[in-house]
Amino acid sequence: MNTVMITGCSSGFGLETARHFLDRGWSVAATMRKPDESLLPASERLHVLSLDVTDHDSIAHAIEAAGPIDALVNNAGIGWLSTFEGTSEETVRRIFETNTFGSFEMIRAVLPQMRAKSDGVIVNVSSSVTLEALALLPVYTASKAAVNAYTECLALELAPLGIRTRLVLPGQAPATRFGSNAMALMGQADDTPEDYKPFVAQVMSAFGDTAAQEPTKPADVVQAIWRAVTDPSCPLRLPAGADAVALAA
Ligand SMILES: NC(=O)c1ccc[n+]([C@@H]2O[C@H](COP(=O)([O-])OP(=O)(O)OC[C@H]3O[C@@H](n4cnc5c(N)ncnc54)[C@H](OP(=O)(O)O)[C@@H]3O)[C@@H](O)[C@H]2O)c1
């Protein structure tokens, strides 16, 4: 039986991906910051583990508790929609700690066991915003573009060791908690100077119009992650959702 470890399973893509793998007979190490609040159905094949991707010790404990891992899905992430000047150094670091360095540390922790058996799959969830330049997204896009860049290099290093590496690029998916979590963080930390406010209002209104078009569905992302893990012939980059597929084309 195969085991997948997924980060950020409390909601959104991570929760739905965990359900999908469970339904197909996999063992799932579903990790989240608050395991007591898991929404996953009880199963003998489900192992709900506490894991914060910014906390080295919690990563080590979860990897040890999970046992052998065949596939790692780095899904945990936070959003941020603000001007460059309105984003403090502390917030920039927080976003990179979660979206970029979190996946570094997860991969560092699973590679020894995957290398030992010359087998394994690593899937990094990035974003379609890396495919086009958008205002108010310099920091979030940078954190995900770094993921794209290192994943592509890593794929070259790991392929000779029998380890596959893939990127999933979801489009805009309003159905998850991503937007509300980002808004909460922005409410605490956005410090955009007044001069930007008319432009920010204009951009936010344009984002609203785009969101009303065909959004990415969590199921699109789940399918892309499933394919990335189970289909060795799939390409390195998998856009997920109609908007992401159109952008990639
Ligand atoms: N929704 C979109 O429009 C969209 C588009 C492109 C890419 N993405 C990417 O897709 C991934 C999943 O997002 P989603 O839409 O499913 O959003 P979501 O519903 O907000 O889920 C994000 C998950 O990441 C977890 N997380 C955040 N910080 C963490 C940390 N330090 N350690 C461990 N887990 C942490 C959250 O846990 P808590 O419940 O503890 O906060 C939550 O489980 C993210 O990487 C995001 O950047 C989303």
Side-chain angles (χ1 to χ4, degrees), residues 5-20 29-40 48-59 61-62 72-81 91 93-106 109 123-132 134 137 139-148 151 167-186 188 207-208 210-211 213-222 224-225 228 237-245 247-248:
M5 174 176 269
I6 308 165
T7 61
C9 290
S10 66
S11 64
F13 305 153
L15 173 63
E16 297 309 322
T17 302
R19 281 203 175 107
H20 189 87
T31 73
M32 59 194 80
R33 289 191 284 192
K34 295 179 186 158
D36 295 349
E37 296 175 13
S38 170
L39 298 173
L40 285 159
V48 176
L49 297 168
S50 173
L51 190 155
D52 180 331
V53 298
T54 66
D55 177 341
H56 184 84
D57 289 346
S58 93
I59 293 176
H61 287 141
L72 167 67
V73 178
N74 283 313
N75 161 77
I78 50 175
W80 178 256
L81 186 67
T91 302
R93 289 185 187 282
R94 179 169 174 181
I95 291 163
F96 272 79
E97 288 292 346
T98 307
N99 292 356
T100 315
F101 303 134
S103 60
F104 274 30
E105 291 311 309
M106 290 299 301
V123 179
N124 283 341
V125 178
S126 175
S127 170
S128 70
V129 299
T130 57
L131 302 172
E132 63 172 346
L134 292 167
L137 281 164
V139 177
Y140 177 75
T141 301
S143 73
K144 292 292 192 179
V147 171
N148 294 2
T151 306
L167 260 178
V168 170
L169 307 170
Q172 209 180 328
T176 72
R177 283 195 214 149
F178 188 67
S180 54
N181 284 341
M183 292 300 279
L185 184 57
M186 281 142 56
Q188 294 161 19
F207 273 131
T210 317
Q213 294 164 15
E214 194 179 358
T216 291
K217 296 184 280 300
D220 299 327
V221 181
V222 171
I225 293 173
R237 283 170 169 251
L238 290 165
D243 50 346
V245 170
L247 263 179

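For ligands, and for the atoms within them, numbers begin at 1 and follow the listed sequence.
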Inset, instruction - Give yes or no for whether the N/O distance cutoff of 3.5 Å, strictly under, is met between G14 and ligand 1. - result: no
Inset, instruction - Could you tell me whether T176 and ligand 1 have an N or O pair separated by under 3.5 Å? - result: yes
Numbered atoms and elements of ligand 1 in range of [X], under 4.0 angstrom, heavy atoms:
X	value
S11	18 (P), 19 (O), 21 (O), 42 (C), 43 (O)
Q172	3 (O)
G12	16 (O), 19 (O)
D52	30 (C), 31 (N), 32 (N), 33 (C)
G77	22 (C), 24 (O), 27 (C), 44 (C), 45 (O)

Inset, instruction - Taking D220 for its side chain and K217 for its backbone only, find out whether a donor-acceptor pair lies under 3.5 Å. - result: yes
Legend entry - Donor-acceptor pair, side chain of S143 and main chain of T100, under 3.5 angstrom: no
Legend entry - Option set V221, T216, L51, T7, criterion heavy-atom distance to atom 33 (C) of ligand 1, minimum: L51
Legend entry - S127, S10, A175: member with heavy atom nearest to atom 36 (C) of ligand 1: S10
Legend entry - Value rounded to 0.5 Å, distance of CE in M106 from CD1 in I6: 10.5 Å
Inset, instruction - Please verify whether a non-hydrogen atom of K144 lies at under 4.0 Å from ligand 1. - result: yes
